[in-house]
Amino acid sequence: MARSYLESTLTGTLPSFATEWDAHRRAYPPTSPPGDADFLAAFRAHVVSLLIAGRIAETSRFFYALERLLGEADPILRDLLDRDLVRALAHECQLAGIDSRRVEPYLGQRSRVVWSSPSAETP
């Protein structure tokens with residue numbers, strides 16, 4: 001199965017997610033691979049689990065790479081990342097009771113604006 005640009009880029013930021021995602025991908029039939037929404041949902045769940053476990057150093061690599069990716073993204077990818085990764089992750093962290101002060105130091109300028117936006121309250 002070929003990996004999408006989004007999968008390759010984000011999976012590389014969290015090595016602990018790579019094995020988990022490979023197993024998840026194999027559960028799909030070859031003719032219907034998981035889409036970006038499936039990938040992002042699994043990725044967000046993994047990030048939340050790392051934050052709950054206090055594995056901040058590992059997640060910080062993701063947040064730094066996210067900032068670079070947001071800076072290079074075309075408008076379509078940028079909208080997808082804003083809505084389905086950053087805002088959704090902010091909401092899921094809030095639901096999991098993760099204090100935003102644990103995450104905010106690792107957010108860059110672009111991701112901080114989206115993370116802190118009022119629409120981050122609801123996906």
### Query
Just how far is it from atom CG of Leu81 to atom CD1 of Ile76, taken to the nearest 0.5 Å?
12.0 Å
#### Entry: Reported OG1-to-CD1 distance for the pair Thr59 and Ile56, which is rounded to 0.5 angstrom
4.5 Å
### Query
Within the distance-only criterion (no hydrogens, no angle test), does the side chain of Ser111 pair as donor or acceptor with the backbone N or O of Gly108 below 3.5 angstrom?
yes
### Task
Look up atom CG in Leu66 and atom OH in Tyr106, then write down how far apart they are to the nearest 0.5 Å.
15.0 Å
### Query
Looking at Asp79 and Arg83, does any basic side-chain N land under 4.0 Å from a carboxylate oxygen?
yes
#### Entry: Heavy-atom side-chain proximity of Leu95 to Val48 below 4.5 angstrom
no
### Query
Does Asp74 reach the main-chain N or O of Leu77 with its side chain, forming a donor-acceptor pair under 3.5 Å?
yes
### Task
Using a 4.5 Å cut-off on heavy atoms from C-beta on, say whether the side chain of Trp21 contacts that of Leu10.
no
### Query
Can you check whether Pro34 reaches Phe39 side chain to side chain, under 4.5 Å on heavy atoms?
no
### Query
So, does Thr9 use its side chain to make a donor-acceptor pair with the main chain of Leu6 at under 3.5 Å?
no
### Message
Test your reading of the model: is there a side-chain donor-acceptor pair from Arg44 to the backbone of Asp84, 3.5 Å cut-off?
### Response
yes
### Query
Quick one: do Arg112 and Glu67 make a salt bridge, cutoff under 4.0 Å?
no
### Query
How long is the gap from OG on Ser16 to CZ on Phe62, to the nearest 0.5 Å?
12.0 Å
### Task
Decide yes or no on side-chain contact (heavy atoms from CB on, under 4.5 Å) for Thr11 and Asp22, but give the supporting numbers first.
CA-CA 10 Å; Thr11 301; Asp22 284 340; over 6 Å; no
### Message
Counting C-beta onward and ignoring hydrogens, is there a side-chain heavy-atom pair between Arg110 and Arg78 closer than 4.5 Å?
### Response
yes
### Query
Could you give the distance from CZ (Arg61) to CG (Leu14), rounded to the nearest 0.5 Å?
7.0 Å
### Query
With a 4.5 Å heavy-atom cut-off, do Cys93 and Trp115 have their side chains touching?
yes
### Hphob cluster co-occupancy, Tyr64 + Val113, side-chain heavy atoms under 4.5 angstrom
no
### Query
Are the side chains of Arg87 and Ser117 in touch, meaning some heavy atoms are under 4.5 Å apart?
yes
### Query
Would you call the rings of Phe43 and Phe17 parallel, tilted or perpendicular, where under 30° means parallel and over 60° means perpendicular?
perpendicular
### Message
With rounding to the nearest 0.5 angstrom, report the CD to CG distance, Gln109 to Leu70.
### Response
11.0 Å
### Message
Could you check whether any side-chain N or O of Ser8 sits under 3.5 Å from a backbone N or O of Tyr5, counting only pairs where one atom can act as donor and the other as acceptor?
### Response
no
### Check ion pair Glu58-Arg55 (N to O, under 4.0 angstrom)
yes
